[in-house]
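Have a look at the structure below before the remarks.
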Amino acid sequence: MDDWKERRERQIKKRVTMAVIAVALVLTGILVIVLRSGILRREGEIVLTQECESYRSEVEMVAEKYGMTPYVDLIMAVMMQESGGRSLDVMQCAEGVVNTLYPHVPNGITDPSYSIDCGIQELKYALEKVECKNPRDIEKIKIALQGYNFGIDGFLAFLQEKGDVRWTEEYAQEYARQASGEVLRDASDAETMGPWAYGDQYYPLHVLRFYKLSAQ
């Protein structure tokens, strides 16, 4: 009888140990996936990839040159949304008007430093066009961000014609509908970028996920 009890206790302990190991393996696997993605969550906040953070000092230097030091974190958020720091055209601004050295095609810039320089100038222009007051002027920042994605001159003119200069999903989608010639994009991309085949109609919301306003 005592032998049976001992065997039973050993079996229970073995099962408990195996269950603990299984849970640990699952948790380790989840952690590996998160780390490989390069994006970690800290207190509910999405933080930047290591690749993106590696450009911070250069962004700070170029931002200072253009009087954009208060907007460093916003610039970093744009970079994170555009490339996560994993493309040579880190700010994805090859198609912008500032770029005069590389082809005006997606990922056309092959020098990250030049991309940062162009991207900061593009964002500065957009912020100035909407008369953004400071890094906490989120409503103006939303317009500027959508302008970074769409082209600020056209989008701002569209809002001014509406007589309602503010960013909304509806305005972004209406502008994209017109700019696309009413061409719908593939359903697989519509949920994340909007229904119309032009730009990212949710771009400000996507960028602002990475904007650490509390750090300003």
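Every heavy atom of this structure was used, including side-chain atoms; hydrogens, water molecules and symmetry mates were not.
Heavy atoms from other residues, nucleotides or ligands lying under 6.0 Å from CD of Glu131 number 12 at most. Around CD of Glu64, the count of heavy atoms belonging to other residues, nucleotides or ligands within 6.0 Å does not exceed 12.
Within the 3.5 Å criterion, the main-chain N or O of Val90 finds a donor-acceptor partner in the side chain of Ser115. A donor-acceptor contact shorter than 3.5 Å is absent between the side chain of Asp186 and the backbone of Ser188. Proximity of a side-chain donor or acceptor of Glu122 to a complementary backbone N or O of Val97 within less than 3.5 Å is detected. Looking only at distances, a side-chain donor or acceptor of Arg185 sits under 3.5 Å from a matching main-chain atom of Met193. Remark: the backbone N or O of Gly199 is not paired with any side-chain donor or acceptor of Asn149 at under 3.5 angstrom.
Of all the heavy atoms in Gln201 and Gln146, the pair that sits closest is O-OE1, 3.5 Å. Here the closest heavy-atom approach between residue Ala94 and residue Val105 is recorded as CB-O, 3.2 Å. The shortest heavy-atom contact between Tyr171 and Arg166 is CD1-O, 3.4 Å. Closest non-hydrogen pair, Asp73 versus Lys212, comes out as OD2-O, 4.1 Å.
Side chains of Tyr202 and Gln173: a donor on one and an acceptor on the other come within 3.5 Å. Inspection of the Glu95 and Asn99 side chains reveals no N or O donor paired with an N or O acceptor under 3.5 Å. Between Tyr66 and Gln121, the side chains place a donor N or O and an acceptor N or O closer than 3.5 Å (distance only, hydrogens not considered). Using a 3.5 Å distance cut-off with no hydrogens or angles, the side chains of Gln81 and Tyr211 do not pair a donor with an acceptor.
Annotation: side chain of Ile109 is not in contact with side chain of Leu88 (no heavy-atom distance under 4.5 Å). Residues Gln160 and Val165 meet the side-chain proximity criterion, which asks for heavy atoms closer than 4.5 Å. Taking the side chain as every heavy atom from C-beta outward, Leu74 and Leu145 approach each other to under 4.5 Å. Counting heavy atoms from C-beta on, the side chains of Gln50 and Glu53 never come closer than 4.5 Å. The closest side-chain heavy-atom distance from Met91 to Val78 is below 4.5 Å. At a threshold of 4.5 Å between non-hydrogen side-chain atoms, the residues Trp196 and Glu182 count as touching. The closest side-chain heavy-atom distance from Tyr71 to Lys124 is not below 4.5 Å. Put simply, the side chain of Glu169 reaches to within 4.5 Å of the side chain of Trp167, judged on heavy atoms.
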Evaluate Tyr55 against Ile75 for side-chain contact (heavy atoms from CB on, under 4.5 Å), listing each step before the verdict. CA-CA 11 Å; Tyr55 289 105; Ile75 296 164; over 6 Å; no
Derivation and outcome, side-chain contact (heavy atoms from CB on, under 4.5 Å), residues Lys133 and Ile141: CA-CA 9 Å; Lys133 296 180 179 65; Ile141 285 174; over 6 Å; no
Start with the C-alpha distance between Asp89 and Cys93, add both sets of side-chain angles, then the distance that settles side-chain contact (heavy atoms from CB on, under 4.5 Å), and finish with yes or no. CA-CA 7 Å; Asp89 191 359; Cys93 53; 4.1 Å; yes
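Looking at residues two or more places apart in sequence or on another chain, you find a ring pair (Phe, Tyr, Trp, His ring centres under 6.0 Å) between Tyr114 and Tyr102. With sequence neighbours excluded, the residues that form a ring pair (Phe, Tyr, Trp, His ring centres under 6.0 Å) with Phe155 are Phe150, Tyr175.
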